[in-house]
Structures are given as structure tokens and as C-alpha cells.
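So the structure is just underneath, and the comments pick up after that.
This one's a predicted model, so the numbers in the text were calculated from it and none came from an experiment. In this chain, numbering begins with 1 at the start of the sequence shown.
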Amino acid sequence: CIMFDLIDSMFDVKDIDGKYFVTDSNEIKKAELFSDCKNVPTWPSLTYKIFYRLALRRILSEINKAGKNPKIILNAALWSDKYIDGTRLEYYTDFYIKSNNNKLKWCYEEFLKVFRNSFVIEYDDKFICAKKNHVWGEMPFHYEDTFYLEAIRQIEQFVDSDRCHKNSNG
């Protein structure tokens with residue numbers, strides 16, 4: 001299985017001499033790497049959408065070239081605007097969270113156009129709660145433990161059902 005998790009796709013991308021692209025992550029910024037390189041146009045520009053679609057096709061091509069036929073899992077999580085107690089996240093506006101969720105929804109739709117037979121992990125709203133004092137920091141995509149347990153449950157169910165399907169077909 002290969003699992004795709006696009007929740008961190010909020011980072012911009014740097015173009016290095018038109019040959020390489022790197023994620024402009026917080027770590028890259030702190031290290032002051034590639035600061036002289038230009039950013040690739042961002043969401044929701046047409047250029048961004050074209051690059052994203054091309055990247056998906058390239059990933060599929062590389063998987064196919066490897067001669068493997070892995071099961072694909074898409075973790076279709078969205079950003080949270082609240083904690084488990086119902087209080088709102090500080091430092092993140094509703095507009096910012098909704099904008100990123102709209103981007104993620106579009107990315108998931110495009111992903112499924114390329115990886116058509118993917119198993120999609122989807123979450124009820126009760127699982128989409130940011131965690132206060134999360135080990136990686138308080139962010140709209142750092143969730144309560146129940147979120148991760150639900151992801152594991154769905155993955156196990158998918159893997160077990162796939163094994164049963166294979167066993168029943170010989």
C-alpha cells in the first residue's frame with residue numbers, strides 16, 4: 001500500500017533554475033535555503049493547478065514504471081477550526097481555514113481522477129478537532145488522538161477486507 005496525506009500541501013513551492021522544485025517548508029525558511037529562488041504560483045492560480053495535475057500524473061507514471069500495483073490510500077482529512085471542547089483555534093481566521101479546506105477538497109478530487117481506485121479515509125466531523133498542546137504544536141491539522149485512531153481503524157478494515165477478497169478468489 002501507498003498512503004497519500006496531502007494535509008501539508010499548504011506550503012509554497014520554490015523553483016530552482018527551472019529544473020528542481022522544493023517545498024518551501026518552515027524548515028527551509030529557518031535554514032534560509034533557496035531564499036533567492038522564485039515561488040511557483042500558488043493556489044488557486046491556473047499554473048498551480050496545472051503543476052499539481054502534472055505532478056499527480058508523474059507520480060502515477062513512476063509507480064507504473066516500478067512494475068508494482070500497490071493499493072492506494074488517500075487520507076482525506078480537512079483542517080479543523082475548533083478544539084474538542086468546542087472552543088475556536090486562536091491565530092487562524094475562518095477564512096484561512098476555509099480557504100485551505102477548499103484547496104484540499106480540490107486536491108482530493110484531482111487526486112481521485114488520476115488514482116481512480118483509491119481507498120479514501122474520510123472522517124466524521126467529531127474526529128476533526130485540533131489538539132491543544134499537540135507534540136508538533138497547535139495547528140488546524142494536528143488532531144486529537146481519536147483522529148489517528150480512526151485513521152488506523154479504517155486502514156486496518158481496508159487491509160483486512162482486501163486480504164479476505166484475495167483469499168476468497170484463491
Can you give each donor-acceptor pair under 3.5 Å made by side-chain atoms of residues 114-125, sequence neighbours left out, with the distance rounded to 0.1 Å?
{"residue": "Arg116", "atom": "NE", "partner": "Lys113", "partner atom": "O", "Å": "3.4"}
{"residue": "Ser118", "atom": "OG", "partner": "Phe115", "partner atom": "O", "Å": "2.8"}
{"residue": "Tyr123", "atom": "OH", "partner": "Asn75", "partner atom": "OD1", "Å": "2.4"}

Pair Ile155-Met3, side chain to side chain contact (heavy atoms under 4.5 Å, CB included): steps then yes or no: CA-CA 10 Å; Ile155 293 167; Met3 183 168 155; 3.7 Å; yes
Verify side chain to side chain contact (heavy atoms under 4.5 Å, CB included) between Ser80 and Phe147, making sure each step is shown before the conclusion. CA-CA 11 Å; Ser80 177; Phe147 170 90; over 6 Å; no
Decide yes or no on side chain to side chain contact (heavy atoms under 4.5 Å, CB included) for Asn64 and Asn69, but give the supporting numbers first. CA-CA 7 Å; Asn64 289 338; Asn69 188 18; over 6 Å; no
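Applying the salt bridge (Lys or Arg N to Asp or Glu O under 4.0 Å) test to pairs two or more places apart or on separate chains, those with a residue in residues 135-145 are Lys131-Asp145.
Asn101 contributes atom CG, which lies 11.5 Å from atom SG of Cys107 (distance to the nearest 0.5 angstrom). Between the CH2 atom of Trp43 and the CG atom of Asn102 there is a distance of 7.5 Å, given to the nearest 0.5 Å. Rounding to the nearest 0.5 Å places CD1 of Ile97 at 5.5 Å from CG of Leu89.
Heavy atoms only, all atoms of each residue included: His142 and Gly137 are closest at ND1-O, 2.7 Å.
Among residues two or more places apart in sequence or in another chain, the salt bridge (charged side-chain N to carboxylate O under 4.0 Å, His left out) test is passed with Glu150 by Arg153. In this structure, the side-chain hydrogen bond (donor to acceptor under 3.5 Å, both in side chains) partners of Arg53, at least two apart in sequence or on a different chain, are Glu110. Remark: Ser45 engages Pro41, Thr47, Tyr48 in a side-chain contact (heavy atoms from CB on, under 4.5 Å) (not counting sequence neighbours). The side-chain contact (heavy atoms from CB on, under 4.5 Å) check on Lys68 picks up Ala66, Pro70, with sequence neighbours excluded. Residues forming a side-chain contact (heavy atoms from CB on, under 4.5 Å) with Thr87 (at least two apart in sequence, or on another chain): Tyr83, Asp85, Lys132. By the salt bridge (charged side-chain N to carboxylate O under 4.0 Å, His left out) test, Lys65 is found to be paired with Glu62, residues two or more places apart in sequence or in another chain being considered. Qualifying side-chain contact (heavy atoms from CB on, under 4.5 Å) partners for Glu90, counting only residues two or more places apart in sequence or in other chains: none.
Under a hydrophobic clustering in which Ile, Leu, Val, Met, Phe, Trp and Tyr are joined whenever their side-chain heavy atoms come within less than 4.5 Å, directly or via other members, Trp106 and Ile59 fall into the same cluster. Both Leu74 and Ile2 are members of a single hydrophobic cluster when ILVMFWY side chains are connected at heavy-atom separations under 4.5 Å. In the hydrophobic clustering of this structure, Tyr108 groups with Leu60; members are Ile, Leu, Val, Met, Phe, Trp, Tyr whose side-chain heavy atoms approach within less than 4.5 Å, directly or through other members.
Considering only heavy atoms from C-beta on, Asp81 stays 4.5 Å or farther from Ile128 through its side chain. Using a 4.5 Å heavy-atom cutoff, the side chains of Tyr143 and Cys129 are not in contact. Side-chain atoms of Leu78 and Lys105, non-hydrogen and from C-beta on, do get closer than 4.5 Å to each other. Contact of the Phe111 side chain with the Tyr52 side chain is registered, since non-hydrogen atoms from C-beta on lie closer than 4.5 Å. Under the 4.5 Å side-chain criterion, counting only non-hydrogen atoms from C-beta, Phe4 is not in contact with Ile73.
Between the side chain of Tyr92 and the backbone N or O of Met139 there is no donor-acceptor pair closer than 3.5 Å.
Between Trp79 and Tyr96, the angle of the ring planes goes over 60°, which puts this pair in the perpendicular group of the 30/60° scheme.
When hydrophobic residues (I, L, V, M, F, W, Y) are linked wherever their side-chain heavy atoms come within less than 4.5 Å, the members clustered with Leu46 are Ile50, Leu54.
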